Enquirer: 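Here it is, the structure in full.
Note that these values count all heavy atoms, side chains included, but never hydrogens, waters or copies made by symmetry. Because the structure is a prediction, the values reported are computed rather than measured.
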Number of protein chains: 2
Amino acid sequence: MLPSPIPISEAESLVMEPLWRESPLASEQIVAAVQADSDWHEKTIRTLLNRLLGKGAVSAEKDGRRYLYSPVLSREQWQSQESRNLLDRVFGGRVAPLLAHFSRHEKLSAKDVDELRKLLDAIERKEH
Amino acid sequence: MLPSPIPISEAESLVMEPLWRESPLASEQIVAAVQADSDWHEKTIRTLLNRLLGKGAVSAEKDGRRYLYSPVLSREQWQSQESRNLLDRVFGGRVAPLLAHFSRHEKLSAKDVDELRKLLDAIERKEH
DNA sequence: GTCGATGAATTACTGACGTAATCTGAAGTC
DNA sequence: GACTTCAGATTACGTCAGTAATTCATCGAC
């Protein structure tokens, strides 16, 4: 069974960020890390952390007087959720139109193009 | 100057759908078209249409006793907005990781792969 | 064993969104 | 011209997200 999607908001994803880089972390460390990239109030960050806990997107283990938090939702799972959501909502669930869109509207560097070509090669080799 | 983004909600995008297929349309036609794909109440659809008007995502021109509506935000512009939003929020603004993600996690048909190869060829030819 | 600090839990407020119901004004009907 | 009808405009209401402030519980300091 695929991991059932855990929807998190954009603000919540920014609180996941430090946990995706390193875990477990104490809330104080999370607050510090998030504040390095934003001007959110400590209270705000703790609220978001608690909501993530409520949703099951992070877990907490008691460490003496405080908790240590770890991600349950992985960054990859989240990226999958969000990508699939865009795909379904905006491109009728089909990948090719999305990629065509990107190739038309986003500047792809020569390096991007090269990398993509290698990806395609790898996919074809896998299919045969 | 790029068209400034007009954020619309998911429900609103479903009301744009018939207008993207054909325009202008009277509200009654829009209601009928949306109801073909959903069970929303007529009032709900008209409310969404009005919000879209307020946001400037559609325009209205008087036609006797009623209005005819046309999209201002094109489907392509909307797809661009949403794609860029995903890219920035989830993939740090870089295209390659997004595509790598798709190639790893989404099933691409042989036809998709072929199509993509052609796109890459076209891009390279344009760049030289 | 009381007091303050500090983390966690609870509560709060605003705006947007989903989902309508109600009100209004003009156009057609009798 | 009063009455109905219907499109559009206004108002409503619960929920969730963003952004906190407030309260509670516990642990260490005196």
Enquirer: What is the distance, to the nearest angstrom, from the CZ atom on B/R89 to the C1' atom on D/dA17?
Expert: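 So the CZ-C1' distance, B/R89 to D/dA17, works out to 13 Å.
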Enquirer: Hey, are the side chains of B/Q81 and B/P7 touching, using non-hydrogen atoms and a 4.5 Å cut-off?
Expert: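 No, their side chains stay 4.5 Å or more apart.
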Enquirer: Starting at CG of B/L49 and ending at P of D/dG8, how long is that distance when rounded to a whole Å?
Expert: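 My rounded result for the distance is 8 Å.
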Enquirer: Can you check whether B/Y69 reaches B/S23 side chain to side chain, under 4.5 Å on heavy atoms?
Expert: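 No - every pair of side-chain heavy atoms lies 4.5 Å or more apart.
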Enquirer: Should B/L53 and B/I30 be regarded as members of a common hydrophobic cluster, given that ILVMFWY residues are connected when their side-chain heavy atoms come within less than 4.5 Å of each other, either directly or indirectly?
Expert: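 Hydrophobic grouping puts B/L53 with B/I30.
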Enquirer: In whole Å, I'd like the distance from the CZ atom of A/R66 to the P atom of C/dA9.
Expert: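 After rounding, the gap between these two atoms is 14 Å.
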Enquirer: Taking atom CD of B/E42 as the centre, report whether more than 12 heavy atoms of other residues, nucleotides or ligands fall under 6.0 Å from it.
Expert: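 Counting other residues, nucleotides and ligands, CD of B/E42 exceeds 12 neighbours.
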Enquirer: Determine whether A/F91 and B/S83 make a side-chain contact, defined as any pair of heavy atoms from C-beta on separated by less than 4.5 Å.
Expert: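 A side-chain contact exists here, since the closest heavy-atom pair is under 4.5 Å.
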Enquirer: Write down the distance between CD1 (B/I6) and C1' (C/dA16), rounded to a whole number of angstrom.
Expert: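 In whole Å, C/dA16 C1' lies 17 Å from B/I6 CD1.
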Enquirer: Please determine, for the side chain of A/A11, which listed nucleotide (C/dG18, D/dG18, C/dA8) has the closest atom?
Expert: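 Side chain of A/A11 sits closest to D/dG18.
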Enquirer: What is the separation between atom CZ on B/R46 and atom C1' on D/dA9, rounded to the nearest whole Å?
Expert: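 Rounded to whole Å, this separation is 12 Å.
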Enquirer: All N/O contacts under 3.5 Å from nucleotides 28-30 of chain C to the protein, with atom names and distances to one decimal?
Expert:
none

Enquirer: Please report the distance, rounded to the nearest Å, between CD in A/E12 and P in D/dA17.
Expert: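 These atoms are roughly 6 Å apart.
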Enquirer: Across the strands shown, which category fits A/E10 at heavy-atom distances under 4.0 angstrom: base, sugar-phosphate, nothing?
Expert: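 It contacts sugar-phosphate atoms only.
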Enquirer: Using a heavy-atom cut-off of 4.0 Å across all strands, would you classify B/K55 as base, sugar-phosphate, or nothing?
Expert: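 Sugar-phosphate contact only - B/K55 comes under 4.0 Å of backbone atoms but never of a base.
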Enquirer: Which value, rounded to the nearest 0.5 Å, describes the distance between A/I8 atom CD1 and A/R51 atom CZ?
Expert: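 Answer rounded to 0.5 Å: 13.0 Å.
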Enquirer: Can you check the A/E42 CD to D/dG18 C1' distance for me, whole Å?
Expert: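 Distance, rounded to whole Å: 16 Å.
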Enquirer: Under 4.0 Å between a side-chain N/O of B/S9 and OP1 or OP2 of C/dG18, yes or no?
Expert: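 So the side-chain polar atoms of B/S9 do come within 4.0 Å of the phosphate oxygens OP1 or OP2 of C/dG18, strictly under.
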Enquirer: Mind listing the N/O atom pairs, protein and nucleotides 20-24 of chain D, below 3.5 Å?
Expert:
from, atom 1, to, atom 2, distance (Å)
D/dA20, OP2, A/H41, N, 3.4
D/dA20, OP2, A/T44, OG1, 3.1
D/dA20, N7, A/T47, OG1, 3.0
D/dA20, N6, A/T47, OG1, 2.7
D/dA21, OP2, A/H41, NE2, 3.3
D/dT22, O4, A/K43, NZ, 3.1

Enquirer: To the nearest angstrom, how far is B/L52 atom CG from D/dA9 atom P?
Expert: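 Roughly 13 Å, once rounded to whole Å.
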Enquirer: Phosphate oxygens OP1/OP2 of C/dA8: is one of them under 4.0 Å from a side-chain N or O of A/Y69?
Expert: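 Looking at the OP1 and OP2 atoms of C/dA8, one of them is under 4.0 Å from a side-chain N or O of A/Y69.
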Enquirer: Is any side-chain N or O of B/S27 closer than 4.0 Å to OP1 or OP2 of D/dG8?
Expert: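 Looking at the OP1 and OP2 atoms of D/dG8, one of them is under 4.0 Å from a side-chain N or O of B/S27.
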Enquirer: Give the cluster check for A/W20 versus A/V72: same hydrophobic cluster or not, with ILVMFWY residues linked at side-chain heavy-atom distances below 4.5 Å.
Expert: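 As far as the 4.5 Å side-chain criterion goes, A/V72 and A/W20 are not connected within one cluster.
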Enquirer: Could I get the full list of salt bridge (charged side-chain N to carboxylate O under 4.0 Å, His left out) partners for A/E115, not counting sequence neighbours?
Expert: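 For A/E115 there are no salt bridge (charged side-chain N to carboxylate O under 4.0 Å, His left out) partners, ignoring immediate neighbours.
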Enquirer: Run the salt-bridge test on B/D121 and A/R117 with the 4.0 Å N-O cut-off and return the result as yes or no.
Expert: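 Looking at A/R117 together with B/D121, the answer is yes, because their closest N to O distance falls below 4.0 Å.
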